[in-house]
2 protein chains.
Amino acid sequence: MVPYDRCFRTLANPLRIRIIELLKKRPMAVGELSKQLNAERSKVSHALKKLKECNFVESERRGKYNIYSLTKSVLNDVKVKGNIFDVIKTHVEKYCKNKRRCRV
Amino acid sequence: MVPYDRCFRTLANPLRIRIIELLKKRPMAVGELSKQLNAERSKVSHALKKLKECNFVESERRGKYNIYSLTKSVLNDVKVKGNIFDVIKTHVEKYCKNKRRCRV
DNA sequence: ATAATATGTGAAAATAATTTCACATATGGT
DNA sequence: ACCATATGTGAAATTATTTTCACATATTAT
């Protein structure tokens with residue numbers, strides 16, 4: 001009945017929104033995100049985990065780095081729509097609208 | 001820098017989303033909302049307060065009832081866009097995008 | 001004026017989310 | 001092999017949110 005509050009909850013956090021904003025520019029490793037955001041590394045790690053669980057971001061190992069990027073669909077939406085809210089709308093509709101809530 | 005997490009936070013709650021969904025149909029008094037949602041009355045009251053603080057809803061005294069409705073702009077968006085996310089997007093952009101966060 | 005109904009609200013109690021920190025693992029360089 | 005760097009993770013400590021409940025106020029009816 002109310003499937004999308006989890007997606008909103010993931011976005012109800014300044015750090016996580018700032019991560020999305022940063023990743024709009026380009027993929028980044030955790031350490032760099034941490035530096036740019038001036039936030040403790042493990043805090044960023046935890047934040048990324050939640051964003052990943054909600055399919056906002058994905059990660060790829062490159063050597064000792066884990067490079068995070070917006071998921072393909074989110075990234076595509078960013079290109080087409082430019083605006084974080086359009087992106088989120090589409091995303092939430094895609095992943096969070098069915099009974100099973102945000103897929104994990 | 002990150003002005004909209006508060007709007008998301010208000011939506012990061014199943015009851016509050018359900019209230020918005022209900023009010024899409026028509027304005028309602030607190031008691032009726034409470035009954036329809038099968039939720040405790042004061043819980044609904046608290047939820048409505050937050051929705052009001054973020055300009056999602058407004059209320060009007062009618063006798064001993066307090067009739068809540070979606071704010072004019074949200075309601076209008078509902079008519080035009082039909083979809084809760086479009087509505088929220090527009091709303092958030094209108095009220096939550098500037099430095100001062102969601103106006104109270 | 002009294003009683004019943006509708007609602008709001010503060011604050012304590014209960015829950016949930018975030019932050020922090022110590023530790024685990026993995027990779028790359030020497 | 002050893003060390004440094006990069007990252008993940010569980011869990012305790014901290015902080016925030018939600019729930020509940022008792023009480024306050026307002027309106028209407030009798």
Side-chain angles (χ1 to χ4, degrees), chain A residues 1-20 22-23 26-69 96 101-102 104, chain B residues 1-20 22-23 26-69 96 101-102 104:
Chain A
M1 193 87 248
V2 181
Y4 17 85
D5 64 283
R6 174 150 182 233
C7 290
F8 285 126
R9 195 168 294 151
T10 291
L11 300 170
N13 176 293
L15 183 63
R16 290 195 290 264
I17 288 192
R18 293 197 328 173
I19 288 174
I20 292 180
L22 265 185
L23 293 182
R26 60 183 169 78
M28 256 179 243
V30 181
E32 189 179 0
L33 280 168
S34 172
K35 205 175 292 173
Q36 297 250 358
L37 294 162
N38 194 32
E40 211 211 327
R41 195 193 40 70
S42 86
K43 210 168 153 180
V44 174
S45 252
H46 283 302
L48 286 166
K49 191 181 186 186
K50 291 210 171 177
L51 287 170
K52 201 174 181 180
E53 284 171 357
C54 280
N55 280 95
F56 283 108
V57 307
E58 61 195 356
S59 66
E60 185 205 352
R61 248 297 169 188
R62 215 174 286 165
K64 59 180 172 177
Y65 299 97
N66 248 348
I67 310 295
Y68 279 82
S69 48
C96 311
R101 309 189 144 216
C102 227
V104 179
Chain B
M1 192 87 249
V2 182
Y4 18 83
D5 64 284
R6 175 153 181 229
C7 290
F8 285 126
R9 195 168 295 148
T10 292
L11 300 170
N13 177 292
L15 183 63
R16 290 195 290 265
I17 289 192
R18 292 198 321 165
I19 288 174
I20 292 180
L22 264 186
L23 293 181
R26 61 183 169 76
M28 257 179 242
V30 181
E32 189 179 0
L33 280 169
S34 172
K35 204 175 293 173
Q36 298 251 358
L37 294 163
N38 194 31
E40 210 211 327
R41 195 193 42 69
S42 86
K43 210 168 153 181
V44 174
S45 250
H46 284 302
L48 286 166
K49 192 181 186 186
K50 290 208 172 178
L51 287 169
K52 201 174 182 180
E53 284 170 356
C54 280
N55 281 95
F56 284 107
V57 307
E58 60 195 357
S59 67
E60 186 206 352
R61 249 294 169 190
R62 216 173 289 165
K64 59 180 170 177
Y65 300 97
N66 247 349
I67 310 295
Y68 280 82
S69 48
C96 309
R101 309 190 144 216
C102 226
V104 179

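All heavy atoms count here, side chains included; hydrogens, waters and symmetry mates do not. Here is how names work: the chains are called A, B, and so on, in the same order as the sequence lines, proteins then strands, and each is numbered from 1.
Within 4.0 Å of Ala47(A), counting heavy atoms only, lies no atom of the nucleic acid at all.
When rounded to the nearest whole Å, the span between NZ of Lys49(A) and P of dA11(D) equals 11 Å. Atom CZ of Arg9(A) and atom C1' of dT18(D) are 10 Å apart (whole Å). If you measure from atom CG of Leu48(B) to atom P of dT18(D), you get 14 Å, rounded to the nearest angstrom. Protein atom CG of Leu33(A) is 10 Å distant from nucleotide atom P of dG8(D), rounded to whole Å. Atoms CD1 (Ile19(A)) and P (dT7(D)) sit 13 Å apart, rounded to a whole Å. Here dT17(D) presents its C1' atom at 19 Å from CZ of Phe8(B), a figure rounded to the nearest Å. With rounding to whole Å, Gln36(A) atom CD is found 15 Å from dA6(D) atom P. For the pair Asn66(B) CG and dT28(D) P, the interatomic distance rounds to 12 Å; values are reported in whole Å.
Nearest approach of Arg9(A) to Pro14(B), heavy atoms of both residues: NH2-CD, 3.8 Å. Nearest approach of Ala29(B) to Tyr65(B), heavy atoms of both residues: CB-CD2, 4.0 Å.
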Taking protein heavy atoms under 4.0 Å as touching, what does nucleotides 20-30 of chain C look like 5' to 3' if B marks base contact, S marks sugar-phosphate-only contact and - marks none?
BB-----SS--
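For the pair Asn13(A) and dA17(C), the criterion of a side-chain N or O lying under 4.0 Å from OP1 or OP2 is not met. Side-chain N/O atoms of Tyr68(A) include none lying less than 4.0 angstrom from OP1 or OP2 on dA6(D).
At distances below 3.5 Å, at least one donor-acceptor pair connects side-chain atoms of Ser34(B) with backbone N or O atoms of Ala39(B). Between the Arg18(B) side chain and the Leu37(B) main chain, a donor and an acceptor come within less than 3.5 Å of each other. Remark: side-chain polar atoms of Arg61(B) are paired, donor with acceptor, to backbone N or O of Gly63(B) under 3.5 angstrom. A side-chain donor-acceptor contact under 3.5 Å links Arg16(B) to the backbone of Thr10(B).
Two residues are said to be in side-chain contact when any heavy atoms from C-beta on lie closer than 4.5 Å; Phe56(A) and Ile19(A) fail this criterion. Counting only heavy atoms from C-beta outward, the side chains of Leu11(B) and Ile20(B) approach each other to under 4.5 Å. The shortest side-chain heavy-atom distance between Leu23(B) and Leu51(B) does not fall under the 4.5 Å cut-off.
End-to-end axis angle of the helix from dA1(C)-dT30(D) to dT30(C)-dA1(D), using five pairs per end and rounding to 10°, comes to 10°.
Positionally, the nearest nucleotide of DNA chain C for Ser59(B) lies more toward the 5' end than for the other of Lys50(A) and Ser59(B).
Residue Tyr65(B) places its side chain closer to dA6(C) than to any other of dA6(C), dT17(D), dT18(C).
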